[in-house]
Student: 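Here you go, one structure.
We're numbering straight along the sequence, starting at 1.
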Amino acid sequence: MTRLPLQAVLFDMDGTLVDTERLWWEAVERVAGRPLTEADRPQVLGRPVEHTARWLAAGTGRPEAELAEALHREFADRVRVGIVPRPGALALLDALARESVPTALVTASPRAVADLVLDALGASRFAVTVTADDTEHTKPAPDPYLAACRALGVDAAACVAVEDTETGVASAEAAGCAVLAVPSLAPIAPAPGRTVVAGLQGVTADRLRSLLPQRLRVMTWNLWYGGTKVRDHRAKQLKVLTEADVDVVGLQETYGTAAEELAEALGWHHHRAGENLGIISRHPITAGLGDPDVGFYGAAGVRVRVCGSDVDAGVGVEVEVDVDVDVDVWTVHLDCAPYGPYEAAFDGLSADTLTAHEEGRLARLGDALRRIGESPDVPVVLVGDFNCPSHLDRPDVDWPVTRAAEEAGFADSYRQAHPDPVRQPGHTWSPVHAEHEDGSGRPEPQDRIDFVLHRGLRVLDSRTLVTGGIRPWPDVEDNDWPSDHAAVITTFALAPATVTPSAVTGKSVGEGA
């Protein structure tokens, strides 16, 4: 199992790093003129001053602005004289600093109060500070955590947020962060993607890293006659796969044995379907999907089990827990003719005619989508050489094949990562064909026809890949890149909801094997 690297840790302030929730509670009681009860918690804990002031105004009839000013004053007075770091907070901040893990302070308190706390904690401990004054919406909206991630230049999925209230947890989870919850005045229930601990004592950077989701890096690659147009093609293919650090690869044009030979050389698992399609995976393949005797064009799939261990504190003591995540991966190769970009560039066919000529590919994809629909609850990645453009790239034609995939719930990972097709076209056809093969000298239409589509996963990054020296067709036998297509690689974060403990090993964390 490969986890995402820990890019940053984002800390709530009140009740998480410093024991101010009690001070805030006392300030609200003073302004309200009565003791607070359990029923008041949702309107007080984790809420910005303005929210609590509105709530008090509705119940007392006093002006909201007057109440907000009084709350600010009462809370600030208490912070100046009563601020106390929570046990383990400073040790954790120091440990993260030693490992050069960036930290941010993300609070629903106003800047004036945050500055008082920062004076006590040390403002230099945080690379970024986001307060209630810095975003249009504060917690429980995701805005504060998203703002912190933007300022740090990190991805929320690779960050852990440390929170003490349900309001703060909701904000961090809505932003896409993993959450370590350290309840202060009110309990917080464990949930997928959320770990609840009694305190920060003993929490380490490695413990925070263990909370991040698994990474799954998926590649689609048309091998071009199995790679045989290029000398030493198998060694060159292996070099590409090793350097790309991918986890699962959907292959087209395997020409029989390529999937098996590549998997054997890498020590991976493989699945072969017909003479043209294959999937190789560093993770175990638990089932073959689709027709194992599919023809040259068609689709085939596998179920991949991403296995690993996690740490669970839900039984009173931290124990290692086995976690398995199932993902279905399908590879598809659609008919190469008639080819729309040629018909548009060379024949000048109308949009209606171009879409009508996609019927064969559309039918073949429809068959694959029906088979995929048999497992609706498992995340799915659908990759391949579709031999047609995307409706997301060329608005002059509503290309129906990719539209059908979209209507079946599949998102285009490359376009999610790079939404502007003009600035980042992402062409995969063709790195070796600058001119058309017929010798006419006409420029070969360049297009994006290889896709990594998905349903039920989160995209962290997507890119096309071509490496090494490349000479144009027909002088390709010494090329470093052994294909006439660019590959596409997408890195996914496996959704926390798909991670379910399957067994407890009974071995306490830190015990020997």
Student: Output all residues satisfying side chain to side chain contact (heavy atoms under 4.5 Å, CB included) with P183, sequence neighbours left out; order by chain, then residue number.
Tutor: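 Partners of P183 under the side chain to side chain contact (heavy atoms under 4.5 Å, CB included) test: I188, V196.
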Student: For W429 together with H485, are the ring centres under 6.0 Å from each other?
Tutor: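 Yes, close enough.
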Student: Who pairs with R415 by side chain to side chain contact (heavy atoms under 4.5 Å, CB included), at least two apart in sequence or on another chain?
Tutor: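 Listed in chain order: L392, D393, D412, H418, P421, R448.
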Student: Can you name the nearest heavy-atom pair linking P379 to L457, along with the distance?
Tutor: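 Minimum heavy-atom contact is CB-CD2, 3.7 Å.
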Student: Evaluate D143 against T135 for side chain to side chain donor-acceptor pair (under 3.5 Å), listing each step before the verdict.
Tutor: CA-CA 6 Å; D143 304 38; T135 58; 5.5 Å; no
Student: Under 4.0 Å between a Lys/Arg side-chain N and an Asp/Glu carboxylate O for D247 and R215?
Tutor: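 The answer is yes: the pair qualifies as a salt bridge.
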Student: Parallel, tilted or perpendicular for F451 and F386, by the 30°/60° rule?
Tutor: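 Rings of F451 and F386: perpendicular, over 60°.
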Student: Would you say the side-chain atoms of Q252 and T220 include a donor-acceptor pair closer than 3.5 Å?
Tutor: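 Yes, a side-chain donor-acceptor pair sits under 3.5 Å.
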Student: Of all heavy-atom pairs between S462 and T490, which one has the smallest distance, and what is that distance?
Tutor: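 Looks like OG-OG1, 2.8 Å.
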Student: For the pair T402 (side chain) and H391 (backbone), establish whether a donor and an acceptor sit closer than 3.5 Å, ignoring hydrogens and angles.
Tutor: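 Yes; judged by distance alone, with no hydrogens or angles, the pair exists.
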Student: Using a strict 4.0 Å threshold on nitrogen-to-oxygen distance, state whether D245 and R282 make a salt bridge.
Tutor: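 So D245 pairs with R282 through a salt bridge.
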Student: Report the relative orientation of the aromatic rings in W221 and W481; use parallel for angles under 30°, tilted for 30 to 60°, perpendicular for over 60°.
Tutor: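 Correct class here is tilted.
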Student: Test side-chain contact (heavy atoms from CB on, under 4.5 Å) on T254 and R272 and set out the steps.
Tutor: CA-CA 9 Å; T254 58; R272 171 180 169 177; 5.8 Å; no
Student: Specify whether H333 and F296 have parallel, tilted or perpendicular ring planes, treating 30° as the upper limit for parallel and 60° as the lower limit for perpendicular.
Tutor: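 Tilted: the ring planes of H333 and F296 meet at 30° to 60°.
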Student: Could you tell me whether K229 and D484 make a salt bridge, using a distance below 4.0 angstrom between a side-chain N and a carboxylate O?
Tutor: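 D484 and K229: not salt-bridged.
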Student: Below 4.0 angstrom, N of the basic side chain to O of the carboxylate: do R209 and D206 qualify?
Tutor: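 Yes, charged N to carboxylate O under 4.0 Å.
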Student: Run the salt-bridge test on R471 and D478 with the 4.0 Å N-O cut-off and return the result as yes or no.
Tutor: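 Answer for the salt bridge query: no.
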Student: Nearest 0.5 Å please: distance from the CD atom of Q416 over to the CG atom of L460.
Tutor: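 Those atoms lie 11.0 Å apart.
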Student: Step through it carefully: locate the ring centre of H436, locate the ring centre of Y342, and say whether they are under 6.0 Å apart.
Tutor: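 Yes, the ring of H436 comes within the 6.0 Å limit of the ring of Y342, centre to centre.
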